[in-house]
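Here is the structure we will look at.
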Amino acid sequence: MNSCNPLNSVKICIAEALAQISKVAVEDIVKNVEISREEFGDLTILLPRVGLSPEYCREAIETVRNCRFVSEARCAGIYLNIVLNKTLFTDTTFEFLVRCKDSYGIYKEPNPKRIVVEYVSANPLHPLHIGASRNAALGQFIANILKTAGNIVQTRFYINDVGRQVALLTLGMMQLESIEPPNNTKPDHWVGLVYAITNVIAEIMSLKKKLVEALRDEEREEIQRELDELLVDASRLRSQAPDVFDRVAEKLKNIDIEEEVSRIMKLYELGNPDMKSFVRKIVTMCIEGFKQTLTRFGALIDVWDWESDLVWSGEVEEVVKKLEASPLTMVYKGALAVDLGQLAKDLNVRNRLAIDRDLEIPPLIIRRSDGTTLYTVRDIAYTLKKFREFNADKVINIIASEQKLPQAQLKLALYLLGYTREAENLVHYSYEIVAMEGTKMSSRRGRIVTLDEILDTAKQKALAELETRGNRSEELAEKIGVAAVKFYLLSISPSRPMKFSWKLVLDFEKNSAPYLLYTYARTEGIFRKARELELNTEVQELIKIADRGFAENNAKRWRLVKLVASFPEVFYGSYQSLDPSTLVTYALKLADEFNSWYSEEPILLEENEKIRASKILLTYGVKTVLANTLRVLGIEPIEKI
RNA sequence: GGGCCCGUAGCUCAGCUAGGAGAGAGCGCCGGCCUUCUAAGCCGGUGGUCCGGGGUUCAAAUCCCCGCGGGCCCGCCA
């Protein structure tokens, strides 16, 4: 643990004392020292958990008193309740705060690793939508916290430009007179429009064909229903760009789309120069749009990887060859495949690769009948590249849970090919997808809520709020809006399926980034005001005169001291689990307590110089911790709102 | 049919990994507080069969089993 961890120091002190009568190891006792409900004291130990039955209560009390932080100890059933020496604990917390300053509470990894974080990696077919936004927010947080803890982190974006979808988009673009986005249209939004138009037209054509061929009435009804739905999408898309829609529809009328898509895909994979430059041009347009949005969102990408490069360089082919030579090849659905299910029967392997015991693993088809490659196989080559190029100890893929199976296949395939180190150090960071309230989202139909519009709307809301307080600043509104969106996306545990709600993103009260930013700005305001009043704000000076006993008979001050003191543990826990929501919960709690205290008693107008020094130090603690929390969450604190 | 995630107040969520003391926030609703360090704030009130049923345990929102409801996956898509 960190050297500046007041709460942990106390826990160790207590655990070491208790170890004299308990057989449980000190570090295990430490884990069982919990913060108690206020009416019972400050810390609680469940005696059975440290191997002591309640009869040992008296001895436990005596022993624990050997720790100088303990002022009182009492038993209640199986609980050993401890009241801390508030003065001493406050003193320690202040000392650590002043000693560690800005890095207070930040855990430093004793063995820093080289870690690649691949995130966002949205298909270059349409603007980033709300699902990709959750990914972007999580990835940012993960890269941040890993880096903050001292690891060497590289972020990467995988541009999926190989495959059916991009080929279909290309087919659509080929029908246009000009592929350039119209004026005032963001390039990725333009690409998204053409893609949706092409796809909807293609789907309609294919369904119409099916309708003719359908034999049974119920089958025809089913197809007709689907068709009706598509026609609604079609008319909406047509109203957005009538000329584009009509042109694509007209041109595709007499084309066998499947065949055309397959032809484009093949030419692209083979590296046909004309096809290469055409497809790259389209995809680059979309990526340019992504870059604008991601930069705005604060999601930094160090390396942009083109999937097609892996195909053209022969890296994918090499993987294909190795798979074909593996002892587990089989024929599956008429194609050559590797029987990863066979390998997955080995529970030891599953364990090492952290694959769910009950996840059924189907064979992995090595390549399509037409010779083109498949996503998961290409991803094998990509994973090796990520490890190799960054000399990485670990690669973390931030990918929605819906890709659990291919991610498991990827690990098994690596293992099979002898890349055991890579397989074991490849982490699928899984999160649940985001659903829209009410309607169903579909990028193929052009029905999406884009990150751009969410950010714009949040910014407008922030601007309106700023205006009411006579501070119309675009720059500030942008920061607050972006923070609000990010925070919203991080505030729900990644494992929980999330329903996107405009109402909640735009709620700038209590449980929100604006609330935290506001609270932080308040702490800054206090320091600003203190300088105006020519009060000493140097913490090294303040600590010399501070009254360490100022929280003795003041519940709110004491609560804040304890909260500030527990930040290092919260940070550590969040670092271990890579779950931002614990940090979020903590920050909100801290802000609540601070605001409550703030409204109750003046800080700078405190007449007792020593108590004033303590109050300023406590404010400093809250300020430091809030700033550190916000930064890790990817939100830059604002000094003045 | 099989697998994974989720189900806690009217709504959105913490708490569940390592079981323990009357279940916590926010929004909403009702009522107060701006001549004193920023009212995106503060104070008070309202509100819950922790999806249901079994089981393990001295003790279950938390662990196990069986159901129910919502989402996702089981493609020569990505």
Side-chain angles (χ1 to χ4, degrees), chain A residues 28 31-32 36-37 39-40 44 46 48-49 76-79 81 121-123 125 158 160 162-166 307 332-337 356-362 365-376 378-379 399-406 430-433 435 462 465-466 468-469 471 480 484 488 491-499 501 503-504 507-519 521-530 532-533 577 581-582 584-586 588-589 591-592 595-606 615 619 640-641:
Chain A
D28 291 323
K31 283 184 204 154
N32 285 298
S36 40
R37 268 169 52 180
E39 60 267 40
F40 298 119
T44 294
L46 278 115
R49 286 208 201 156
I78 55 167
Y79 301 96
N81 291 319
S121 297
N123 290 332
L125 300 165
Y158 190 35
N160 305 118
V162 181
R164 291 216 106 80
Q165 257 72 258
V166 169
E307 191 176 19
Y332 180 69
K333 294 188 180 175
L336 193 64
D356 286 327
R357 176 174 286 256
D358 297 317
L359 185 64
E360 203 179 312
I361 312 284
I365 289 174
I366 299 175
R367 68 164 111 214
R368 291 194 187 91
S369 318
D370 68 0
T372 56
T373 56
L374 284 153
Y375 168 78
T376 306
R378 295 193 295 264
D379 209 6
I399 301 179
S401 71
E402 58 191 353
Q403 291 203 45
K404 202 163 231 179
L405 177 58
S430 160
Y431 63 95
E432 290 294 321
I433 60 162
E465 289 277 346
L466 286 169
T468 63
R469 56 189 72 203
N471 183 11
I480 295 169
Y488 167 69
S491 63
I492 294 167
S493 292
S495 69
R496 181 187 276 268
M498 180 171 183
K499 264 172 262 153
S501 150
K503 185 175 173 292
L504 291 175
D507 181 3
F508 288 3
E509 285 167 50
K510 276 267 183 158
N511 282 352
S512 71
Y515 172 66
L516 291 179
L517 287 171
Y518 180 79
T519 305
R522 254 187 177 168
T523 63
E524 282 286 359
I526 289 164
F527 276 82
R528 200 163 45 239
K529 185 78 179 179
E532 275 172 32
L533 296 173
S577 62
S581 55
T582 51
V584 163
T585 307
Y586 169 81
L588 291 170
K589 177 80 184 144
D592 289 347
N595 284 320
S596 174
W597 177 58
Y598 173 90
S599 70
E600 184 155 296
E601 50 174 340
I603 295 164
L604 300 178
L605 297 180
E606 168 64 54
K615 286 181 169 180
T619 306
K640 194 175 177 183
I641 293 182

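In the text below, chain A, chain B and the rest are named by the order of the sequence lines, each starting its count at 1.
Look at the C1' atom in both B/rU46 and B/rG2: the space between them is 46 Å, to the nearest Å. Only the P atoms considered, B/rC30 is 34 Å distant from B/rG71, to the nearest whole Å. Rounded to a whole angstrom, the distance from the C1' atom of B/rC72 to that of B/rA9 is 28 Å. Between B/rG15 and B/rG75, the two P atoms lie 34 Å apart (nearest whole Å). Separating the P atom of B/rU62 from that of B/rG19 is a span of 12 Å, rounded to the nearest Å. The P atoms of B/rC11 and B/rC29 are separated by 16 Å, rounded to the nearest whole Å. As rounded to the nearest Å, B/rU12 and B/rC77 have P atoms that lie 38 Å from one another. Taking atom P on both nucleotides, B/rC5 is separated from B/rG41 by 36 Å, rounded to a whole Å.
B/rG75: no Watson-Crick or G-U partner with both key distances under 3.5 Å is found in any strand. In this structure, B/rA25 forms a base pair with B/rU12, meeting either the Watson-Crick or the G-U wobble geometry with both donor-acceptor distances under 3.5 Å. Shown here, B/rG44 forms a base pair with B/rC30; the pair counts as Watson-Crick or G-U wobble because both key distances fall under 3.5 Å. Remark: B/rU57 base-pairs with no nucleotide in the shown strands. Criterion, Watson-Crick or G-U wobble with two distances under 3.5 Å. Pairing of B/rG69, defined by two Watson-Crick or G-U wobble distances under 3.5 Å, is identified with B/rC6.
A/Arg367 places its CZ atom 14 Å from the P atom of B/rC77, with the value rounded to the nearest Å. Rounding to whole angstrom units, NZ of residue A/Lys333 and P of B/rC74 are separated by 10 Å. Rounded to a whole Å, the CG atom of A/Leu504 is 12 Å from the P atom of B/rA14. The interatomic distance linking A/Ile492 (CD1) with B/rA25 (C1') rounds to 14 Å, in whole Å. Separating the CZ atom of A/Arg164 from the P atom of B/rC76 is a distance of 11 Å, rounded to the nearest angstrom. Rounded to a whole Å, the CZ atom of A/Arg49 is 14 Å from the C1' atom of B/rU57. The separation between A/Tyr158 atom OH and B/rA78 atom C1' is 10 Å, rounded to whole Å. Separating the CZ atom of A/Arg357 from the C1' atom of B/rC64 is a distance of 15 Å, rounded to the nearest angstrom.
Taken from CE in A/Met498 to OG in A/Ser491, the straight-line distance is 6.0 Å, to the nearest 0.5 Å. Distance OG/A/Ser121 to CD1/A/Ile399: 7.0 Å, rounded to 0.5 Å. Atom-to-atom distance recorded for A/Ile433:CD1 and A/Gln403:CD is 11.5 Å, nearest 0.5 angstrom. Atom NZ of A/Lys615 sits about 7.0 Å away from atom CD1 of A/Ile603, to the nearest 0.5 Å. A/Leu46 contributes atom CG, which lies 7.5 Å from atom CG of A/Asn32 (distance to the nearest 0.5 angstrom).
Partners of A/Asn595 by side chain to side chain donor-acceptor pair (under 3.5 Å), not counting sequence neighbours, listed by chain and number: A/Tyr515, A/Thr519, A/Arg522. For A/Tyr488, there are no ring pair (Phe, Tyr, Trp, His ring centres under 6.0 Å) partners, not counting sequence neighbours. Every residue meeting the side-chain contact (heavy atoms from CB on, under 4.5 Å) condition with A/Lys529, not counting sequence neighbours, appears here in chain and number order: A/Glu532, A/Leu533, A/Leu604.
Looking at heavy-atom distances under 4.0 Å, A/Asp28 makes no contact with the nucleic acid at all. Residue contacts shown for A/Pro602 include a base, since a base heavy atom lies under 4.0 Å away. A/Lys503 comes within 4.0 angstrom of the backbone, heavy atoms only, and of no base. Across all strands shown, A/Gly77 has no heavy atoms under 4.0 Å from either base or sugar-phosphate atoms. Residue A/Lys529 is classed as a sugar-phosphate contact, given heavy-atom separations below 4.0 Å to backbone atoms only. Residue-level contact check: A/Leu374 touches the backbone only, with heavy atoms under 4.0 Å from sugar-phosphate atoms and none from bases. Residue-level contact check: A/Ser430 touches neither bases nor backbone, having no heavy atom under 4.0 Å from any strand. Within 4.0 Å (heavy atoms only), A/Glu601 reaches at least one base atom of the nucleic acid. Using a 4.0 Å heavy-atom distance criterion, A/Leu405 is classed as a sugar-phosphate-only contact. Nucleic acid contact class of A/Ile603 (heavy atoms, under 4.0 Å, all strands): base.
Taking 4.5 Å as the limit, some side-chain heavy atom of A/Ile78 sits within range of a side-chain heavy atom of A/Pro48. Two residues are said to be in side-chain contact when any heavy atoms from C-beta on lie closer than 4.5 Å; A/Asp592 and A/Lys510 meet this criterion. Side-chain contact between A/Thr376 and A/Leu374: absent, with no pair of heavy atoms (C-beta onward) separated by less than 4.5 Å. By the 4.5 Å heavy-atom criterion applied to side chains, A/Pro362 and A/Leu405 are counted as neighbours.
The pair A/Lys31-A/Asp28 meets the salt-bridge criterion, with a side-chain N (NZ, NE, NH1 or NH2) lying under 4.0 Å from an Asp/Glu carboxylate O.
Put simply, A/Ser493 has a side-chain N or O that comes within less than 4.0 Å of OP1 or OP2 on B/rA14. Note on A/Arg378: every side-chain N or O is 4.0 Å or more away from OP1 and OP2 of B/rC76.
Along RNA chain B, the nucleotide nearest to A/Leu46 and the one nearest to A/Glu402 differ in position, and the one closer to the 5' end is contacted by A/Leu46. Of the two residues near RNA chain B, A/Glu307 and A/Asp507, the one whose nearest nucleotide lies more 5' is A/Asp507.
When atom types are taken as modelled, the side chain of A/Asp356 and the backbone of A/Asp358 share no donor-acceptor pair closer than 3.5 angstrom. In this structure, the side chain of A/Arg367 does not engage the main chain of A/Thr372 through any donor-acceptor pair within 3.5 Å.
Here B/rC34 is in the syn range [glycosidic angle within 90° of 0].
Residue A/Ser36 places no side-chain atom within donor-acceptor reach of the base of B/rA21, judged by atom type and a 3.5 Å distance cut-off alone.
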Given protein heavy atoms under 4.0 Å, the one-letter contact record of nucleotides 39-45 of chain B, with B base, S sugar-phosphate only and - none, is simply SBSSS--

Spell out protein contact along nucleotides 1-11 of chain B as letters: B when the base is contacted, S when just the sugar-phosphate is, - when no protein heavy atom is under 4.0 Å; keep the 5' to 3' order.
-> -SSSBSSB---

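Residue A/Glu360 qualifies as open at atom CD: its count of foreign heavy atoms under 6.0 Å is 12 or below.
Listed nucleotides: B/rG15, B/rA21, B/rA78. Nearest to the side chain of A/Thr582: B/rG15.
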Between protein and nucleotides 22-24 of chain B, what N or O pairs are separated by less than 3.5 Å?
| residue | atom | partner | partner atom | Å |
| --- | --- | --- | --- | --- |
| B/rG22 | N7 | A/Arg37 | NH2 | 2.6 |

